[in-house]
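In what follows, chains are A, B, ... by sequence order, proteins preceding strands, each numbered from 1. The basis for the numbers below is simple: all heavy atoms, side chains too, and nothing from hydrogens, waters or symmetry mates.
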Amino acid sequence: MAEDRSADARAADARTADDRTAEHGPRYDAAALQAKWLPRWDVLKSFRTDDPADKRPRKYILDMFSYPSGDLHMGHAEAFALADVLARYWRQQGFNVLHPIGWDSFGLPAENAAIKRGVDPREWTYANIAQQSASMKQYATSVDWDREIATSDPEYYKWNQWLFLKMYEKGLAYRKDSWVNWDPVDQTVLANEQVLPDGTSDRSGAIVVKKKLTQWYFKITDYADRLLDDLNQLEGSWPPKVLAMQRNWIGRSQGADVDFVIEGREARITVFTTRPDTLYGTTFMVVAPDSDLAAELVNGSTDAVRTSFADYLVQVQKTTEIERQDASREKTGVFLDRFAVNPINGERIPIWAADYVLADYGHGAVMAVPAHDQRDLDFARKFGLPVRVVLDTNQPVTGAIPVLPINPETGEAELPDDLAPLDPAHTGVALTGDGRMINSGSLNGLSKSNAIKRITEQLDAAGNGRASKNYRLRDWLISRQRFWGTPIPIFHAEDGELVPVPEEQLPVRLPSTEGLDLQPKGISPLGAADDWVNVTLPDGRAVRRDPDTMDTFVDSSWYFLRFLSPRDDTRAFDPKEADKWAPVDQYIGGVEHAILHLLYARFITKVLFDLGYVNFTEPFSALLNQGMVLSGGSKMSKSRGGVNLGDEITAHGVDAIRLTMVFAGPPEDDINWEDVSPAGSAKFLARAWRLAQDVTSAPEIEWRTGDHALRRITHHFLAEAPGLIEAFKFNVVVARLMELVNATRKVIDSGAGGADAAVREATETVALGLSLFAPYTAEEMWEQLGYPPPVALYGWRKADKTLLVETSITAVFQVDGKVRDKAEVSPKIDQADLEKLALASAGVVRALGDRSIVTVIVRAPRIVNIATKP
RNA sequence: GCCGGUGUGGCGGAAUGGCAGACGCGGAGCACUCAAAAUGCUUUGCUCGAAAGGGCGUGUGGGUUCGAGUCCCACCACCGGCACCA
């Protein structure tokens, strides 16, 4: 083996060995660096952004603020490391960067902990905030601590109440009595967005039940179209997944409302359908059994129907949400012995009640077209209802309108022979594809989309239908029957009148918990705070305060604006500051908020736009979803154990943990902590740090005199890194830094030594680059190199273009696409010379053998490919 | 079922249509050491071969191209979201 090694390598072996025994120099000590720099940075306050005269361009970099439920964990460590890279990067690029921090400090965990320990939620919350902010400072996030906010401060939640009142004025906050999601463990209502797909609460994990209650709602459905359409603006700067999830959640369907006359009922029943083209194929109607409509229709029916319906309703209400959503479940239903009239052909169709129709979507009733809708077909086959095909899916959509065979007896088009085998009545498979209309009067021959257009016009003209849209999105239920939240600023008069709390009386502060039982019991604990809840108005009326608190997602729906003027006690935020800084240029957070928080924040931003407080309609111009940190393949949490951030920091140092987070892979990807090496990161940091120890030249040294090859590597790094950062390829930047460190090490050990100018230049570049990821190490290096702190405020250096020009290039010679030889050539070599060189090279000659050349592709100076045949 | 995403060494991952596997982890060997740790150096896709040098190789199958991890078509697998939403 030893024979293969170069003389240089052996010399290096010997030298490093000697150095180590001889020197006993200082060792890299992460804990010591943290202890040294943290207090100094505290004094410097380098990341304040409050100078109104600052003329630099601005960037607003924000990570989703954290819930102070304990100390920081690995998930925070990843998110904050990533966001901090961007904040520090843009600062280096000459931007005035706003990177604030705050605490989403209202909510159930504080309240539950308070109940458990018998203390005020305030104590628990603010103790946690103190602990987390200390950890965050140690973690060296480059934030402006002067702008720190906590949503549980009255100075903050006052403005939640202000926002509520504004929305109330505009009719966007309203009360209604409705079926709501009820969490039986936390004893509070939940928004739809907080119910997981398996029907459990996202907080407590309890199976959510339905309860009929009067609650406060925000009218987010008024904004459904804008929330959906404006997603197009975010295309390319938000993750496709989040855009898809939001679109899905809003769930807009286009179609038509169709009015059906009901026998024995004055008012018509309107149904929503996305397939008005199939109106001729409607053979029955279905209403949701739990709708008011069903109850009313049953009332007007026979005793027998009333009995069977009552039984059915009991059965339906016993069904859990989870069972109900199972599409493979057998269809159930009862005939109501009532009839509707199809407006297009006057046909009399029976009305059924069945739980596959939902009371709170559309109008709670559907026109059933079994031939072209699978659910209707399943129902029709179960209960022996007729199936009529009105769209021939065998016919091509384009081309001449086919001539349809007419049955002379009925005068109707017959099912074409080739369609008969597909008859849904027999196959049980609905025909949902496109084709040509049949059995549909004036629609015959039209394609699906043309028929939809035509029939909608016809219905509209006749006054019994119109184009219509429906949404999956529901209004946002914001009341919570819990203590630790923003009180809703409304008085209830005895006659039921709602009296908004006058703005000048805000904030409506939470009372002391003294004497209050916070134990969840289904009604808000605030209702029992007699002194607080009972108020006499100036006009002498005795009123009661609304005892509920707001969903904490109200707090987080506008907090990014509060950071802009965090101490302003005259308004929620200063619109002038909003003009300057907002919207957020880069938002960073977990994908778990893809719908909840992001949808609400987008909604409130649009409301504030409509109210004239901001001049933009989307709060977050770009979004990055960091992955999760996993341990043993599953998400880490306090209950499940896993890796503890504090322990990791103690073992490897803050810088090594931060570096590990960014080096692990692309930011969006999950990190399996077992797959990465914080010890390896620490080793690299020590290597980088040692470079600064070894530099012996003074800061004034002339770069140009240094090692040329190393200078080229340095300047390639300077040229390449910014693009990589902006593409979020932090891991690649770290890799390039490692290469730069390795190259510098080599020059020190086996080249010009620590006095070389290029060694200083490279080491300074390492410090500047490293300051994005490992602030302590970078700061220490910077000081060692002879500069005052903070390294974070030194600008990025421009690459010297003359050093980027290649002087020699490795040309690759291929035969039939396989590399057979290489040669060092001038970048200016011309095509003919390169071809000659290739054809003459030993590797090419050997590979060619006696094969004959078909073509030679030359792309000077990089590649020659010779295509051959035997 | 619909929508979004991802498939590259033992592992994390890199690669404007032009040398696949940068950088790191892990492994192997060596140096230093009484020894170990730490550190440094060398090496490391699989495979045939003593070597020189071959063959294979980016989920599968096709296609475009002188040339495909990258572009196109059709699949497969996995992850995530939605789903009796008319």
Novice: Taking donor-acceptor contacts at under 3.5 Å, does the side chain of A:Arg859 reach the base of B:rG18?
Specialist: yes
Novice: Under 3.5 Å, is there any donor-acceptor pair linking the side chain of A:Lys331 to the base of B:rC84?
Specialist: yes
Novice: Of the options B:rA86, B:rG24, B:rG81, whose atoms approach the side-chain atoms of A:Val366 most closely?
Specialist: B:rA86
Novice: Is there a side-chain contact between A:Ser677 and the phosphate of B:rG12, meaning an N or O under 4.0 Å from OP1 or OP2?
Specialist: no
Novice: Does B:rG40 have OP1 or OP2 under 4.0 Å away from a side-chain N or O of A:Arg687?
Specialist: yes
Novice: Report the nucleotide, chosen from B:rC23, B:rA86, B:rC25, that has the shortest atom-to-atom distance to any side-chain atom of A:Lys683.
Specialist: B:rC25
Novice: According to a strict under-4.0 Å criterion, is A:Asn731 in side-chain N/O contact with OP1 or OP2 of B:rG12?
Specialist: no
Novice: Does A:Arg862 CZ have over 12 foreign heavy atoms under 6.0 Å away?
Specialist: no
Novice: Which part of the nucleic acid does A:Gln814 contact within heavy-atom distance under 4.0 Å: base, sugar-phosphate only, or nothing?
Specialist: base
Novice: In whole angstrom, what separates A:Ile863's CD1 from B:rA68's C1'?
Specialist: 12 Å
Novice: Among the nucleotides B:rG12, B:rC23, B:rC3, which one has an atom lying closest to any side-chain atom of A:Ala244?
Specialist: B:rC3
Novice: Over all strands shown, is A:Asn742 touching base, sugar-phosphate only, or nothing at heavy-atom distances under 4.0 angstrom?
Specialist: sugar-phosphate
Novice: Can you tell me the Watson-Crick or wobble partner of B:rC23, both distances under 3.5 angstrom?
Specialist: B:rG12
Novice: At under 4.0 Å between heavy atoms, what does A:Asp675 touch on the DNA or RNA strands: base, sugar-phosphate, or nothing?
Specialist: sugar-phosphate
Novice: Which of the following nucleotides, B:rC23, B:rA83, B:rA86, is nearest to the side chain of A:Val357?
Specialist: B:rA86
Novice: For A:Pro666, answer base if it contacts any base atom (sugar-phosphate contacts may also be present), sugar-phosphate if it contacts only those atoms, and nothing otherwise; contact means non-hydrogen atoms under 4.0 Å.
Specialist: sugar-phosphate
Novice: Given B:rC56, B:rC19, B:rC84, identify the nucleotide with an atom nearest to the side chain of A:Lys822.
Specialist: B:rC19
Novice: Counting only side-chain heavy atoms from C-beta out, which of B:rG40, B:rC84, B:rC19 sits nearest to A:Arg690?
Specialist: B:rG40
Novice: Out of B:rG80, B:rA15, B:rA86, which nucleotide sits closest to the side chain of A:Lys241?
Specialist: B:rG80
Novice: Round to the nearest Å and state the distance from A:Ile748 atom CD1 to B:rG40 atom P.
Specialist: 13 Å
Novice: Can you check the A:Gln831 CD to B:rC66 C1' distance for me, whole Å?
Specialist: 13 Å
Novice: Calculate, to the nearest 0.5 Å, the distance between atoms CZ and CZ belonging to A:Phe730 and A:Arg658 respectively.
Specialist: 11.5 Å
Novice: Look at A:Asn625 and B:rG80 and indicate whether a side-chain polar atom (N or O) is within less than 4.0 Å of OP1 or OP2.
Specialist: no
Novice: Donor-acceptor pair under 3.5 Å: do we get one between A:Asn865's side chain and the base of B:rC66?
Specialist: yes
Novice: Over 60° means perpendicular and under 30° means parallel, so classify the ring planes of A:His597 and A:His593, tilted if in between.
Specialist: perpendicular
Novice: Mind calculating the distance between CZ (A:Arg846) and P (B:rA52) to the nearest angstrom?
Specialist: 11 Å
Novice: Which nucleotide in the set B:rG4, B:rA86, B:rG18 lies at the smallest distance from any side-chain heavy atom of A:Leu358?
Specialist: B:rA86
Novice: Between CG of A:Asp373 and CE of A:Met367, what distance do you get to the nearest 0.5 Å?
Specialist: 9.5 Å
Novice: Tell me what A:Arg252 touches on the nucleic acid: a base, only sugar-phosphate, or nothing, going by heavy atoms under 4.0 Å.
Specialist: nothing
Novice: Provide, to the nearest angstrom, the distance between the OH atom belonging to A:Tyr356 and the P atom belonging to B:rA83.
Specialist: 19 Å
Novice: Using whole Å, report how far NZ of A:Lys448 lies from P of B:rA86.
Specialist: 12 Å
Novice: Over how many whole Å does the gap from A:Arg745 atom CZ to B:rU42 atom P extend?
Specialist: 13 Å
Novice: Please lay out, stage by stage, how A:Ile269 and A:Leu293 fare under the test side chain to side chain contact (heavy atoms under 4.5 Å, CB included).
Specialist: CA-CA 9 Å; A:Ile269 288 180; A:Leu293 182 60; 3.7 Å; yes
Novice: What is the distance, to the nearest angstrom, from the CZ atom on A:Arg736 to the P atom on B:rG13?
Specialist: 17 Å
Novice: Looking at A:Tyr356, I'd like to know if the NZ or CZ of A:Lys331 sits under 6.0 Å from its six-membered ring centre while staying within 45 degrees of the ring's axis.
Specialist: yes
Novice: So if I take every side-chain heavy atom of A:Asp669 and compare against B:rG13, B:rC25, B:rG4, which nucleotide ends up nearest?
Specialist: B:rG13
Novice: So, does A:Lys818 get its side chain near the phosphate of B:rG67, meaning an N or O under 4.0 Å from OP1 or OP2?
Specialist: no
Novice: Please determine which of A:Val815, A:Asp816, A:Ile866 meets the side-chain contact (heavy atoms from CB on, under 4.5 Å) test together with A:Arg851.
Specialist: A:Asp816
